[in-house]
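What follows is a set of notes on a single structure, which appears directly below.
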Protein chains: 2
Amino acid sequence: MYNLESIEQRLAEQGYRITPSRLAVVEATLEHSGHFSVDDILGRLPGVGRATVFRTMKLLSQMGILCRVLLENGSLRYRVSHRRDHHHHLVCVSCGSVEELDACIAAGAIDNLARSTGYDIEGHWLEFYGRCGPCRSGEA
Amino acid sequence: MYNLESIEQRLAEQGYRITPSRLAVVEATLEHSGHFSVDDILGRLPGVGRATVFRTMKLLSQMGILCRVLLENGSLRYRVSHRRDHHHHLVCVSCGSVEELDACIAAGAIDNLARSTGYDIEGHWLEFYGRCGPCRSGEA
DNA sequence: ATACGTGCAAAAATTTTGCAAAGTA
DNA sequence: TACTTTGCAAAATTTTTGCACGTAT
């Protein structure tokens, strides 16, 4: 799990400066257990400029600290990612929490798919949607 | 496969009027073998207003004639869909053509996933990306 | 001193909305 | 006639860009 310090360290390792704005954005993202939009972060940081939030979130994404989550309606959100390798998400449509799934169920099917379609398959995007245990029991 | 007439008929069946603008939008979408954006359609129809194109494409989506395709970079496109039931896409990153895949490889994994996560899984989004046969052979 | 990073404001890009005018049944 | 649809323009979103000013090395 990330904390402020470990991210500071990674920024430094990769030659990026550690600045108050960046730390503020990082802190704000770490407060979210699920997914969030750029606007969610912006709203929590009145002193930080729009552009800085966009730039910082792009930077964190490139570093693998954030990753994008596709919602069912097609809009894109971010989430703090604890896995740098290939993974998928299971998003709770009720509370917005996100599970990271290590097993890639698409991997096994790709060879067959390549054979039957004649495509060379280079990638895929997969998200699952549902209700988490707490949300299921908390509601009638 | 759709043609202009079959879509006219479905519009009529569902109580929508058949108008020149709508037919123009339908024709423009049918010309695309792969995916396209609202702007692609707008650009081909100088006489038709922005709002009308947006409204018509939303309407066609609700009717199941168009469906949305997620590109690797996260942007959403449309495509003419010939399957009204659950399916996925295999998108050629080179020429933009799209195969519709009838087999849902996610289906088998969902029970296991539900058991291991405690989620009630209600849906998923899956897109594949690759290069189609013609694009593979046409390029060095 | 030199590079990098920031905030602001303006610009772009994308989608939605209000409404009077036009079209359709 | 009564209702739907259109085009336009304005508004609302969302993201990017330019740039002068600040900050770290």
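These numbers come from the heavy atoms of this one structure, side chains and all, not from hydrogens, waters or symmetry mates.
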What does A/Arg55 touch in the nucleic acid at a heavy-atom separation under 4.0 angstrom: a base, only the sugar-phosphate, or nothing?
-> base
A/Lys58 side-chain N/O to D/dT15 phosphate OP1/OP2 under 4.0 Å = no
Gap separating the CG atom of A/Leu42 from the CE atom of A/Met57, nearest 0.5 angstrom = 9.0 Å
CG of B/Leu60 versus P of D/dT5: gap in Å, rounded?
-> 13 Å
With the side chain of B/Pro20 defined as its heavy atoms from C-beta on, choose the nearest nucleotide among C/dT24, D/dC8, D/dT5.
-> C/dT24
Hey, what's the ring geometry for B/His88 with B/His86, parallel, tilted or perpendicular (30° and 60° as the breaks)?
-> perpendicular
Ignoring backbone atoms, test whether A/Arg22 places a side-chain nitrogen or oxygen under 4.0 Å from the OP1 or OP2 oxygen of C/dG5.
-> yes
Using only side-chain N and O atoms of B/Ser21, determine if any of them is under 4.0 Å from OP1 or OP2 of D/dG7.
-> yes
5'-most contact on DNA chain D (nearest-nucleotide basis), B/Arg17 vs B/Val48, goes to B/Arg17
Interatomic distance where CG belongs to A/Asp40 and C1' belongs to D/dT13 [whole Å] | 14 Å
Would you kindly give the CZ-to-C1' distance between A/Arg50 and D/dT13, to the nearest whole Å?
-> 11 Å
Measure the distance from CG on B/Leu23 to P on D/dT5 and round it to the nearest whole Å.
-> 13 Å
Spacing of B/Arg68 atom CZ and B/Ser81 atom OG [to the nearest 0.5 Å] | 13.0 Å
Quick one: is D/dT4 close enough that its OP1 or OP2 comes under 4.0 Å of any side-chain N or O from B/Thr19?
-> no
Starting from the 5' end of DNA chain D, give me the residue, B/Ala51 or B/Gly15, whose nearest nucleotide shows up first.
-> B/Gly15
Taking the six-membered ring for Trp, are B/His32 and B/Phe36 parallel (under 30°), tilted (30 to 60°) or perpendicular (over 60°)?
-> tilted
For B/Leu45 and D/dC8, give me the distance from atom CG to atom C1', rounded to whole Å.
-> 17 Å
For residues A/Tyr2 and A/His82, establish whether the separation of their ring centroids is below 6.0 Å.
-> yes
Just name whichever nucleotide pairs with D/dT25, Watson-Crick or G-U, keeping both distances under 3.5 Å, else none.
-> C/dA1
Spacing between A/Phe54 atom CZ and D/dG18 atom P, to the nearest angstrom | 17 Å
Taking atom C1' of D/dA12 as reference, at what distance in whole Å does atom CG of A/Asp39 sit?
-> 12 Å
Nearest-Å distance, CD1 (B/Ile18) to P (C/dA25)?
-> 8 Å
